[in-house]
Colleague: 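Sharing a structure below in structure tokens format, with a few things to ask.
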Amino acid sequence: MQYPDLSVDSDARPAGRIQRANSLAGDVYEAIFAQLMSLRIAPGSRITVDNLVREFNVSHTPIREALGRLEGEGLVLKTHLIGYRAAPQITRRRFDELYELRLLLEPAAAAKATAALDEARLAILREAAGVMARRVGKDERLRYSNFARQDAIFHDKIMEFAQNELIRETLSHQHTHFHIFRLMYHSRVTEEALDEHEAILAAFTAGDPRAAEKAMRVHLENSRDRLLPAFE
Ligand SMILES: [Zn+2]
């Protein structure tokens with residue numbers, strides 16, 4: 001006996017499949033995010049909803065939902081009557097300004113956070129540092145985009161524990177990590193950053209604020225130097 005194919009995308013979805021619909025929206029979001037981060041969707045280029053509908057073989061709803069979420073994260077711009085496009089690459093000037101800002105704020109915050117760390121917070125930072133998830137997963141693009149997100153969380157958590165919400169918000173509103181990782185798509189960017197995260201974690205674990213400040217400064221300077229060739 002032949003059963004009807006329930007996997008076909010249909011508006012008449014049985015109630016039991018709502019859960020699957022939710023994870024479908026999440027999967028579509030992750031897939032577009034990975035394409036943006038790995039430059040498969042080039043910065044500044046147009047994003048056509050119909051093309052994505054065809055590529056992922058889904059309805060318009062999860063695509064629009066994903067694009068709305070990416071717009072909130074500063075990765076996608078929506079222009080009235082024109083539609084969506086990927087946010088343009090940051091300029092060299094903006095890049096310099098971002099790193100100047102980060103170097104002013106983040107090493108000092110790392111030192112300050114050190115004093116506020118207990119075992120529970122250390123565990124959160126260890127998890128967020130992404131070191132344990134290193135080399136997990138075969139999809140290179142997904143790994144890269146996951147690292148970009150993980151890096152944003154790691155740095156944000158340090159700001160949270162440093163307990164200055166104004167500084168934390170200022171940095172978080174820049175969506176720094178999503179912009180800088182789109183400058184270059186290269187495994188070296190993530191591998192070396194993970195080593196530097198380990199150095200920051202070691203200083204936190206030792207409860208050494210000066211070492212944490214220095215490790216953060218080294219990480220930011222190296223990160224800047226790794227990405228600078230993108231402007232050459
Ligand atoms: Zn980092």
Side-chain angles (χ1 to χ4, degrees), residues 33-34 36-39 73-75 89-90 94-114 116-117 121-137 140-164 167-206 208-231:
F33 178 71
L36 286 160
M37 296 308 298
S38 64
L39 308 180
E73 292 173 332
L75 276 171
Q89 199 80 281
I90 55 169
R94 189 69 173 173
F95 177 85
D96 289 342
E97 288 173 353
L98 259 180
Y99 273 92
E100 192 178 348
L101 180 70
R102 294 188 73 188
L103 280 161
L104 283 171
L105 300 176
E106 291 195 51
K112 199 175 160 205
T114 310
L117 294 180
R121 285 175 167 177
L122 260 178
I124 290 170
L125 289 176
R126 278 195 201 107
E127 167 95 38
V131 178
M132 284 180 298
R134 170 165 224 171
R135 284 181 261 280
V136 171
E140 197 64 46
R141 283 177 198 281
L142 264 185
R143 241 181 18 198
Y144 191 81
S145 62
N146 282 339
F147 178 77
R149 183 184 307 286
Q150 207 58 44
D151 192 45
I153 294 171
F154 178 61
H155 287 265
D156 181 63
K157 280 287 162 200
I158 294 171
M159 302 318 293
E160 180 188 332
F161 298 149
Q163 293 166 61
N164 184 322
I167 294 180
R168 185 186 179 195
E169 277 167 29
T170 303
L171 286 168
S172 137
H173 286 167
Q174 306 306 318
H175 301 293
T176 306
H177 303 264
F178 294 167
H179 289 303
I180 61 175
F181 286 108
R182 282 193 318 149
L183 287 170
M184 203 186 278
Y185 172 55
H186 197 291
S187 62
R188 191 180 147 234
V189 170
T190 57
E191 287 304 315
E192 292 181 7
L194 286 169
D195 291 339
E196 292 154 17
H197 282 187
E198 283 193 72
I200 297 170
L201 280 178
F204 283 151
T205 307
D208 184 341
R210 294 284 78 81
E213 180 172 4
K214 188 171 170 225
M216 179 62 84
R217 176 167 294 112
V218 167
H219 173 43
L220 295 177
E221 286 171 352
N222 288 351
S223 161
R224 182 192 59 200
D225 294 348
R226 274 192 293 275
L227 295 167
L228 261 180
F231 296 102

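Atoms within a ligand are numbered from 1 in the order they appear, just like the ligands themselves. Positions are given from 1, in the same order as the sequence printed here. Nothing here was measured: the structure is a model prediction, and the numbers come from that model.
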Colleague: Can an N, O or S atom be found in E196 less than 2.8 Å away from the Zn ion (ligand 1)?
Modeller: no
Colleague: Look at H219 and state whether any of its N, O or S atoms is less than 2.8 Å from the Zn ion (ligand 1).
Modeller: yes
Colleague: Do R210 and E213 sit within salt-bridge range, that is, some charged N less than 4.0 Å from a carboxylate O?
Modeller: yes
Colleague: Any ion pair linking K157 and E127 (charged N to carboxylate O, less than 4.0 Å)?
Modeller: no
Colleague: Looking at the Zn ion (ligand 1), which N/O/S atom of H197 is the nearest one?
Modeller: NE2
Colleague: Would you name the N/O/S atom of D151 that lies closest to the Zn ion (ligand 1)?
Modeller: OD1
Colleague: Looking only at heavy atoms, which two atoms of Q174 and H179 are closest? And how far apart?
Modeller: O-CD2, 3.4 Å
Colleague: Is the H219 ring parallel, tilted or perpendicular to the H155 ring (thresholds 30°, 60°)?
Modeller: parallel
